[in-house]
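One structure is given below, encoded as structure tokens.
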Amino acid sequence: MTAYVEHVKPFLRRTPFHERIEALMHGNHWMRWTGHYSPAAFESVQSEYFTIRNGASVYDISPLIKYRIAGRQAAEYVNHLITRDLSKIKPMQAFYTAWCQDDGMLVEEGTIFRFGENDFLLNAAKDQLHWLEQAAYGFEVQIEEASNDLAGLSLQGPQSRDVLRAFGINGIEHLPRFGIIELELNGRWLRIDRAGFTGDLGYELWVRPADALWLWDRLFEVGRDHKIAPIGAQALEIARIEAGFILIDLDYSSALHALRPSNRMSPYELGIGWTVNLNKPGYFVGKRALKREKEQGLSRHVLTGIEIEGRKPAPGSFLYADRAGKRELGLTTSACWSPTLKKNIAYARLPAAYAKPGTEMWIEIWYHKEHKIERSMVRCWAANRMFYDPPRKSA
Amino acid sequence: MVTIAAAGAPRSFSSFHTGLAMQQSYDAIIIGGGHNGLTCAAYLAKGGEKNGKSKLKVLVLERREKVGGAAMSEEKFPGFIYSTCSYVCSLLRPEIFRFLDLPRHGLQVIPYDINSAPNPEGEGIIYYNDHDRTRESLRRHSIRDAEAYDEYAMEISRHCRFIKRTLLMTPPDPTQINPFVQNRINPWGHREDLDGLLRIGREFGRLGERHMYDMIRFWSMSVADFLDQYFETPRWKGLAAASSIIGTALGPYSPGTAYVLLHHYMGEVDGQIGAWGFARGGMGSVSKAIAAAAEEAGVEIRVNAEVEKVIVKGGKAVGVALKSGEEVYAKAIVSNADPKRTYLKLVDKGDLDSIDPDIHRYARNYKIRGSSGKLNIALDGLPEFAGLGKEAAYGTIDIGGDFDYIERAFDDYKYGSWSKQPFLDCVIPTTVDPTMAPPGKHFMSVFVQYVPYQLAEGPWTPEMKAQYEKDVLDTIELHAPGFKKLVLHVQCRTPWDIENEVGMTEGNIFHGELTLDQLLFNRPFPGMGQYRGPFDNFYMCGSGTHPGGGVMGAPGANAAREMLKDFKRGVVQ
Amino acid sequence: MSAPRTQPDVVIIGAGHNGLVAAAYLAKAGLKVTVLEAAPQVGGAAVTREFVPGYKVSGVAHLLHALHPTIARDLGLARHGLDLRAQRVATRCLLPGGSSFDAGDAASIAAISRADAEAYPAAMARLTRMAGALAAYALSTPPRPDIARMGWEGKLSLGKFAWAMRRLGRKDMLELTRILTMNVNDLANDYLESEPVRALLCFEGVLGLCLGPRSPSTVFNLLYRLASLGANGQGGFLLPKGGMGSVTHALAKAATAAGATIRTGAAVDHILIESDAAAGVVLSTGEEVRAPHVASNADPQRTALQLIGPRNLDTMFVSRMRHLRMNGSAAKIHLALDGLPEALAKAGGRLVVAPKPDDIERAYDCAKYGRVSDRPALEVTIPSLGDPSLAPAGKHVASIVAQYCPYRLRESSVNEARQQIGARSLAVLEEVAPGLGQRVTAMEVLTPHDLEAQFGMTGGQWHHGEITLDQVLFLRPAGQAQEYRMPVPGVYLCGAGAHPGGNVSGAPGYNAAREILKDVRAQKRVVGAA
């Protein structure tokens with residue numbers, strides 16, 4: 001390596017919260033997220049996970065890619081871009097939606113925030129300014145990448161509302177799910193929306209990057225009595241699977257980035273067909289193809305939840321109709337042991353006929369057992385992908 | 001390891017081939033010891049073994065004092081090893097690596113992951129293999145380009161995945177598919193052609209309709225049109241276009257250049273598509289390793305043995321006549337020379353015309369324009385490039401500009417002059433490979449695009465060559481201030497020099513341009529795309545056959561496979 | 001004639017030659033057809049217009065060679081006043097210093113080069129034969145590349161094509177695969193010897209393209225043009241009596257006679273789309289003309305981006321339409337002459353002024369960087385020599401195609417470009433026909449921008465998209481808009497932007513009519529069954 005040393009220089013970016021996270025990062029377990037340092041786990045994935053389900057977890061979501069969409073025809077544009085009916089949200093509301101390519105294959109899914117009639121922010125996992133601008137041809141709209149304009153923390157867990165109350169946010173209990181509020185606190189601008197990736201009660205807090213450390217310090221100060229703790233991506237991953245959310249590059253590839261055509265998937269195939277509104281006024285990108293898929297039943301499979309016998313997590317495992325493994329049905333994508341439900345859960349791509357909850361199938365799992373890899377063929381059952389859906393999520 | 005005639009003498013398999021006897025006879029003679037000739041020889045010798053028959057006796061005849069052709073390392077300045085012609089490696093197929101066990105014979109390819117474009121007027125552009133890093137780097141110029149790069153890379157990968165399958169395959173000839181007509185050149189042709197076509201058809205079918213259209217369009221587009229769909233930063237587009245004009249007598253605005261881009265992207269190092277690497281010890285190590293593998297398999301290699309003519313009797317190639325007057329006979333003759341040299345120099349016109357007068361015309365019209373020169377430079381230290389950090393020196397440095405810069409360089413060439421402001425593809429292998437220069441010193445290879453084989457005013461003169469060298473060095477100096485002070489020695493070569501040294505007609509690095517009319521079953525000539533020449537028992541194994549140029553080895557391996565088939569069928573007698 | 005109150009089955013946007021051909025065929029098949037034309041007269045780019053009082057000239061296209069004989073016969077154009085026998089003209093190349101040669105006359109070429117006197121006719125015959133095999137597709141819908149999704153018609157036409165290829169013989173077939181993607185300069189070097197003859201071949205290869213003789217794919221353009229000189233066209237160049245307008249007039253008469261309604265002065269603003277399907281068109285006056293099928297004779301870019309609108313289309317398709325290569329490269333120059341200089345006194349045919357391949361290449365170099373050529377290459381006709389009705393007695397008109405005058409200008413304004421291409425073309429012409437300049441009494445120059453503004457051709461590209469390998473067959477106009485159908489159900493493309501492409505051939509209109517008819521009949525079957 002010595003020959004290279006002189007030109008090796010750091011290129012991963014630090015989020016505005018980096019200083020605080022690094023101080024707590026005892027295990028040095030970093031990962032990359034859109035070119036940033038991001039914590040995979042601080043110390044114990046288990047305790048971090050239970051913070052999500054029991055206390056108030058804090059996760060740095062600054063690396064999320066954000067696009068600001070504004071202009072005279074921004075609403076028309078967004079409605080043309082996405083599969084859901086934009087008229088269903090009013091200013092200071094958000095919703096989760098999908099957006100597709102011409103042939104109805106998913107570009108990505110994410111949350112779109114509406115601040116005004118023609119003022120939006122789109123959260124995405126992958127770069128796609130190029131796509132958004134292509135789709136904007138013929139619309140009077142400005143799109144800009146605003147990823148670095150805001151610093152954000154996701155505050156999730158049953159105690160998150162108490163933390164915010166202690167933080168001084170009056171009336172936070174009236175903020176409905178997917179609602180947005182903006183306010184001033186100690187002379188600092190703060191935006192709070194009620195959304196998240198955990199399927200639990202939770203909020204996202206956004207401030208200007210300069211106020212990031214203030215936000216972090218204040219939250220931990222007032223949250224000490226409400227079981228506040230930072231979490232990493234690994235704990236979040238378990239909560240995400242329990243909640244039934246799909247993740248790009250794991251459950252699907254973006255149509256923009258899939259190398260093999262067979263890896264491109266439609267919203268119907270991903271089990272988020274409910275986000276496609278074929279009856280909304282006007283045309284939207286992919287509508288003709290999606291309509292054809294729905295009417296002619298062209299979906300190849302559907303991403304559904306499964307519950308698996310035993311406790312060996314089963315990512316990338318094949319499913320069969322029979323124990324002998326003669327008839328292959330599909331493949332699992334995300335999978336984990338659910339510590340709350342005490343269930344072995346996974347998502348699987350299955351033919352529609354097998355997606356009905358309760359349908360019994362067999363799954364072939366390869367797992368590590370003392371430096372050996374062993375195989376087991378066990379029963380599994382189709383299930384609703386939203387394995388865990390506590391009432392407090394939307395209460 | 002320098003192979004000389006005595007060292008190449010047979011070991012275990014035949015005691016009477018002492019290398020000088022007049023009446024000796026071989027199973028195959030390969031004219032030219034370039035990397036494809038050596039690969040073909042090694043495959044023949046090893047493949048003969050596998051067929052269970054007696055081992056094939058293979059002889060490689062090399063004109064120069066050592067083998068390697070254009071993949072050569074030479075010490076032209078004390079202490080410095082130059083990769084005199086080709087300078088980077090990635091196209092060499094992993095299948096060939098494995099089959100010939102090249103690592104055991106000393107070949108090691110070290111990848112590098114930086115590609116940069118200096119900029120005397122501002123910030124340069126650096127591209128890395130690491131996506132996040134590239135994103136950070138390109139984002140300084142245009143966030144759109146950084147992300148479009150993802151989509152762009154996917155499209156390129158799709159095309160590569162498709163084309164890669166055809167590399168180690170004999171291109172099917174669609175005109176051969178006629179169950180009623182026997183095909184003289186390849187009597188078993190039509191069945192294989194049909195299978196081959198069906199195989200390509202199936203691959204194509206798997207692409208899905210949309211990608212099919214993309215692919216068909218891609219094959220005929222100009223690289224400028226292709227890149228304009230993705231990117232906006234002019235210099236980045238110029239950098240991305242570089243691969244499509246290297247070694248090609250076309251400018252970025254010429255249709256068909258998008259494919260050449262692919263030709264440079266389909267290389268791989270350890271499965272990473274598009275990655276390039278340095279061969280440790282210079283490109284000569286590639287030929288050295290293949291030669292060692294060939295000799296181990298029993299191939300006899302004779303250097304200083306220039307072939308004057310191919311001996312044809314009754315429409316059959318039977319042997320070769322050397323310049324020394326010696327004649328060597330064999331069941332099969334294989335030419336590793338380029339098609340033009342093969343059919344206009346090595347083969348008698350009368351022999352050709354007795355088969356088909358068109359072949360001579362094809363050979364005359366074969367497009368093999370030399371368009372690139374080379375400067376090999378010994379440096380006293382590592383240069384620093386304008387607008388880039390030190391790290392740029394650890395990969396390819398492409399000195400150029402936007403499309404217009406390259407196109408103007410091409411315009412100079414079009415009308416018979418070297419580019420006054422050339423496009424330069426530079427590498428400094430010594431940043432990675434410590435064996436090629438004394439510690440602290442560096443060897444820099446500069447590939448110059450465009451340089452004509454002959455000038456509009458006539459042949460190259462020493463004054464012209466000096467001026468050309470000066471123009472290149474000035475261009476580098478402009479993009480790397482202080483560069484000239486580091487120069488210890490320059491070896492300057494025009495296409496004319498390359499032809500004289502290596503024997504490639506007009507110094508064309510691909511043995512013929514990679515335009516669509518000279519690819520697949522049309523390479524080298526229409527109807528002769530299956531490694532078989534017009535005479536019985538005569539074959540081609542150089543870069544002038546499918547899949548084309550670059551230190552890839554595929555033509556040699558493919559030709560050997562076709563020959564072994566013919567040996568097995570008893571066509572070769 | 002259909003009753004004006006009832007709704008037509010098909011509305012055709014634009015009464016260019018292809019729109020009229022489509023209208024005539026559809027009307028003949030018994031459909032109610034309405035053609036809407038924005039201009040006060042029919043014809044689109046094939047019109048005869050008076051550019052100065054008393055002087056008339058063909059608007060854009062000035063030579064007829066591609067009109068498909070099948071269409072001329074089916075529609076009885078001779079009956080409707082088109083005389084295709086008249087005015088067959090030869091090509092003469094004018095060289096500096098007053099010499100010239102007639103491309104159709106071996107003896108004349110021999111004066112330039114003895115070898116080429118033999119080689120040029122042989123090469124043209126061979127190229128025309130190969131082009132003819134390719135043109136087997138002209139009057140059929142190009143099959144999809146995906147065999148799995150190909151219907152029996154596609155397979156049949158593929159079979160026919162394979163047969164045409166086979167019939168060429170192995171030699172020609174191999175030669176065709178070799179030259180198909182080549183550049184015309186290399187081809188000329190392969191086949192021919194002398195510079196002026198090579199230059200002529202190069203000129204034929206680049207006409208109508210924004211490419212130079214050394215650009216690959218120019219041989220394809222050459223073959224495309226030659227296809228119309230064989231059995232799939234008129235077998236040569238014609239200067240129709242009364243100008244190109246006489247062709248479209250005959251087509252209009254044929255369409256009207258078959259029962260189609262033609263409304264001129266009716267500019268379509270956009271296509272009416274209801275429930276994501278065509279419902280008719282809306283005129284710029286706000287008037288709605290409702291019809292379940294709408295065929296657009298406008299170019300694909302205009303059809304997609306303006307008539308249908310990006311809001312009714314998918315993103316990648318819009319993007320593909322935006323990136324269609326439709327860079328006009330030629331200007332049209334019209335001269336009113338009070339007499340002819342000696343060199344042109346008997347030049348009744350098609351004149352080409354492009355003495356050297358490198359001249360054309362250098363002319364293209366200028367265009368490449370967004371400039372008007374310093375020395376443009378010219379195609380000239382003086383139609384008044386054969387048809388005195390086009391100019392006042394004793395006077396003449398000249399019609400010139402001057403290449404290159406790029407649409408994408410970088411350094412100069414459109415006005416400057418107009419002035420430059422006019423002056424430079426005259427200068428080039430003056431060299432081969434001294435004294436011409438003094439005879440010019442009036443001049444009209446139409447740059448690609450003018451052509452776009454006056455004839456509605458985006459980019460001033462007269463083929464509605466350059467004829468290059470990536471923009472033909474099923475890729476014309478795009479993979480997502482094949483078989484003459486735009487992505488919006490009920491919207492069709494019947495102009496040169498669809499297969500097989502430009503020139504006054506009528507083939508796209510003919511093919512589109514067949515596809516529209518298929519859909520209409522399928523629908524009627526469904527309605528009838530219900």
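Bear in mind that the values here come from a model prediction, so they are computed numbers and not experimental data.
Counting heavy-atom pairs under 4.5 Å between each of Arg13(A), Arg260(A), Gln128(A) and chain B puts Arg13(A) at the top.
Among all heavy-atom pairs drawn from Asp132(B) and Thr34(A), the shortest one is OD1-C, 4.3 Å.
Taken to the nearest 0.5 Å, the CG atom of Leu259(A) stands 5.5 Å off from the CE atom of Met154(B). Atoms CD and CD, on Glu133(A) and Glu232(B) in that order, are 7.5 Å from each other to the nearest 0.5 Å. Annotation: the span from Ser147(A) atom OG to Arg139(B) atom CZ amounts to 6.5 Å, rounded to 0.5 Å.
For the pair Arg158(B) (side chain) and Ala258(A) (backbone), a donor-acceptor distance under 3.5 Å is present. A donor-acceptor pair under 3.5 Å is formed between the side chain of Glu147(B) and the backbone N or O of His130(A).
Heavy atoms of Glu144(A) lying under 4.5 Å from chain B are absent altogether. Only the side chain of Asp103(A) has a heavy atom closer than 4.5 Å to any heavy atom of chain B. In this structure, the portion of Ile65(A) lying under 4.5 Å from any heavy atom of chain B is its side chain and not its backbone. Both the backbone and the side chain of Glu151(B) come within less than 4.5 Å of a heavy atom of chain A.
Within a 6.0 Å sphere centred on CD of Glu19(A), other residues, nucleotides and ligands contribute 12 heavy atoms or fewer. Counting non-hydrogen atoms of neighbouring residues, nucleotides and ligands closer than 6.0 angstrom, the CZ atom of Arg300(A) exceeds 12 such neighbours.
The pair Asp130(B)-Arg32(A) meets the salt-bridge criterion, since a charged nitrogen lies less than 4.0 angstrom from a carboxylate oxygen. A salt bridge between Glu145(A) and Arg135(B) is present, with a side-chain N of the basic residue lying under 4.0 Å from a carboxylate O of the acidic one.
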- Could you go through the side chain to side chain contact (heavy atoms under 4.5 Å, CB included) check for Leu256(A) and Asp150(B) one step at a time? CA-CA 8 Å; Leu256(A) 296 176; Asp150(B) 271 7; over 6 Å; no
